[in-house]
Amino acid sequence: MTRRRPIRPASADDLLTELGRLTAQALERAELQQARVELAEALQRELLPAALPELPGLRTAARYAPARHGLNIGGDWYDGFWLPDGALGFSIGDVQGHDVEAAAFMGQVRIGLRAVAAAAADPGEVLSRANDLLLAMDTELFATCSFLRFDPESWELSNARAGHVPAVWATDDGRFGLAQDEGGLPLGVLPDEGYPVTRRRLTAAGAFVLVTDGVVEGPSFPIEAGLDQVTQVVRAGLGADPGELAAEVIKVADLTGHTDDAAVLVLRHDAAG
């Protein structure tokens, strides 16, 4: 009959040694994760435009706030640029996922939209081509997005939406609402997706405000309540500078207790002549 050697109970020194080893591993993982978070935030901010285009009668502003929880940084963007025909293009969106990979993918989506918009005048076609481009990249990530085109000749704002939250609008004559335009699926989900276009001639002075879901949705707020709060802020802040209005809108994210990135894009326009 084989007798088993009794297991020697761990001494206090053994326990302290093991605790030290586990603590060192935890610190190493935490430091690595913190480095990734800092890299994601730096990459995110570097990929956002330093300035947005403006013209007489149209002033623009944007704000970005990283997630409260570091692991969720990366993926939201806004953009504005001149198009070859003299119109202005604007985009805002949110990449599914977080961290360095999402921030890098966000940069690819943003630049891809610019490239496509240079050759396609229709916002719906821009999103459709961008969707095919992302699918060709064979990535598991996808993005919600709104793309707008402002024509300074007709004073028309055209908008197409890919799974993104609706914009908020308000005019100086007291009207306001949500731009519940028909849209399509997020970019990078299904091939050959169509994106309807809504066209608005800006006959009254006002503001058109776009946000990502980090502004309007969080543990403390359902998205409907967040959009209602943004609408109230926009109505109350129409007389402010666009930068001040964008700063007030981004504060809604604090009310929602947002766990995601948050971005705001404000277009403050005069009435069509």
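- Hydrophobic clustering (side-chain heavy atoms under 4.5 Å, transitive across Ile, Leu, Val, Met, Phe, Trp, Tyr) groups Val109 together with Met137.
- Looking at Asp85 and Arg149, their side chains come closer than 4.5 Å, going by heavy atoms from C-beta outward.
- Ionic pairing of Arg268 and Asp172 is present here: one or more N-O contacts between side-chain nitrogen and carboxylate oxygen are shorter than 4.0 angstrom.
- Annotation for Pro53 and Leu88: closest pair CB-CD2, 3.9 Å, computed over non-hydrogen atoms.
- Without hydrogens or angle criteria, Arg63 side chain to Gly243 main chain gives a donor-acceptor distance under 3.5 Å.
- Nearest heavy-atom pair, Cys145 versus Leu187, reported as atom, atom and distance to 0.1 Å: CB-CD1, 4.0 Å.
- Annotation: side chain of Leu227 is in contact with side chain of Pro166 (closest heavy-atom distance under 4.5 Å).
- By the 30° and 60° cut-offs, the orientation of the rings of Phe150 relative to Trp155 is perpendicular.
- For the atom pair CD (Glu224) and CD (Glu217), the distance works out to 8.0 Å, reported to the nearest 0.5 Å.
- The two residues Val266 and Val264 have their closest heavy-atom pair at CG2-CG1, 4.0 Å.
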* **Residues Arg59, Asp270; criterion salt bridge (Lys or Arg N to Asp or Glu O under 4.0 Å); working and verdict** => CA-CA 9 Å; Arg59 293 172 294 155; Asp270 293 345; 5.4 Å; no

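- No single ILVMFWY cluster, assembled from side-chain heavy atoms under 4.5 Å apart, contains both Phe147 and Leu135.
- A salt bridge is absent between Arg129 and Asp122; no separation between the charged side-chain nitrogens and carboxylate oxygens falls under 4.0 Å.
- Looking at heavy atoms from C-beta onward, Leu134 lies in side-chain contact with Phe105 at the 4.5 angstrom threshold.
- Under a hydrophobic-cluster definition in which Ile, Leu, Val, Met, Phe, Trp and Tyr are linked whenever side-chain heavy atoms come within less than 4.5 Å, directly or via other members, Leu48 and Leu113 are assigned to the same cluster.
- Rounded to the nearest 0.5 angstrom, Leu83 CG and Phe90 CZ are separated by 9.0 Å.
- Counting only N and O atoms by type, the side chains of Thr212 and Asp76 include a donor and acceptor under 3.5 Å apart.
- Residues Leu157 and Phe208 form a side-chain contact, since some pair of their non-hydrogen atoms from C-beta on lies under 4.5 Å apart.
- A ring-centre distance under 6.0 Å is not found for Tyr64 and Trp77.
- Other residues, nucleotides and ligands contribute only 12 or fewer heavy atoms inside 6.0 Å of the CD atom of Glu182.
- Asp181 and Arg199 are not joined by a salt bridge, as no carboxylate oxygen comes within less than 4.0 angstrom of a charged side-chain nitrogen.
- Looking at Val209, Val249, Leu178, Val252 one by one, the single match for side chain to side chain contact (heavy atoms under 4.5 Å, CB included) with Thr231 turns out to be Leu178.
- Between the side chain of Glu193 and the backbone N or O of Leu185 there is at least one donor-acceptor pair closer than 3.5 Å.
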* To do: Could you go through the side-chain contact (heavy atoms from CB on, under 4.5 Å) check for Leu148 and Leu210 one step at a time?
  => CA-CA 10 Å; Leu148 299 90; Leu210 300 105; 3.6 Å; yes

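- Hydrophobic cluster membership is shared by Ile92 and Trp82, with clusters built from Ile, Leu, Val, Met, Phe, Trp and Tyr side chains linked at under 4.5 angstrom.
- Other residues, nucleotides and ligands contribute more than 12 heavy atoms inside 6.0 Å of the CZ atom of Arg114.
- Arg175 has its side chain within reach of Trp169: a pair of non-hydrogen atoms, C-beta onward, lies under 4.5 Å apart.
- Of all heavy-atom pairs between Ser158 and Val197, the closest is CB-CG1, 4.0 Å.
- Asp261 places no side-chain N or O within 3.5 Å of a backbone atom of Ala65 that could act as its donor or acceptor partner.
- Nearest heavy atoms, Val165 versus Ser146: O-OG, 4.4 Å.
- Clustering ILVMFWY residues whenever any of their side-chain heavy atoms sit less than 4.5 angstrom apart, transitively, puts Leu55 in the very cluster that holds Tyr78.
- The structure places CG of Leu267 at 8.5 Å from CG of Leu52, a figure rounded to the nearest 0.5 Å.
- The pair Asp79-Arg110 meets the salt-bridge criterion, with a side-chain N (NZ, NE, NH1 or NH2) lying under 4.0 Å from an Asp/Glu carboxylate O.
- In this structure, the side chain of His164 does not engage the main chain of Asp94 through any donor-acceptor pair within 3.5 Å.
- Between atom OG1 of residue Thr171 and atom CZ of residue Phe176 there is a gap of 9.5 Å, rounded to the nearest 0.5 Å.
- The shortest distance between side-chain heavy atoms of Ser128 and Asn131 does not fall below 4.5 Å.
- Put simply, the side chain of Val215 does not reach to within 4.5 Å of the side chain of Thr256, judged on heavy atoms.
- Between Val211 and Val168, every side-chain heavy-atom pair lies at or beyond the 4.5 Å cut-off.
- Once rounded to the nearest 0.5 Å, the distance linking NE2 of His269 with OG1 of Thr203 reads 9.0 Å.
- Under the 3.5 Å distance criterion, the side-chain polar atoms of Glu54 are matched with a main-chain donor or acceptor of Thr60.
- Atom CG in Leu202 sits 8.5 Å away from atom CG in Leu58 (nearest 0.5 Å).
- Scanning all heavy atoms of the two residues, the minimum distance from Asp132 to Asp192 falls at OD1-N, 3.6 Å.
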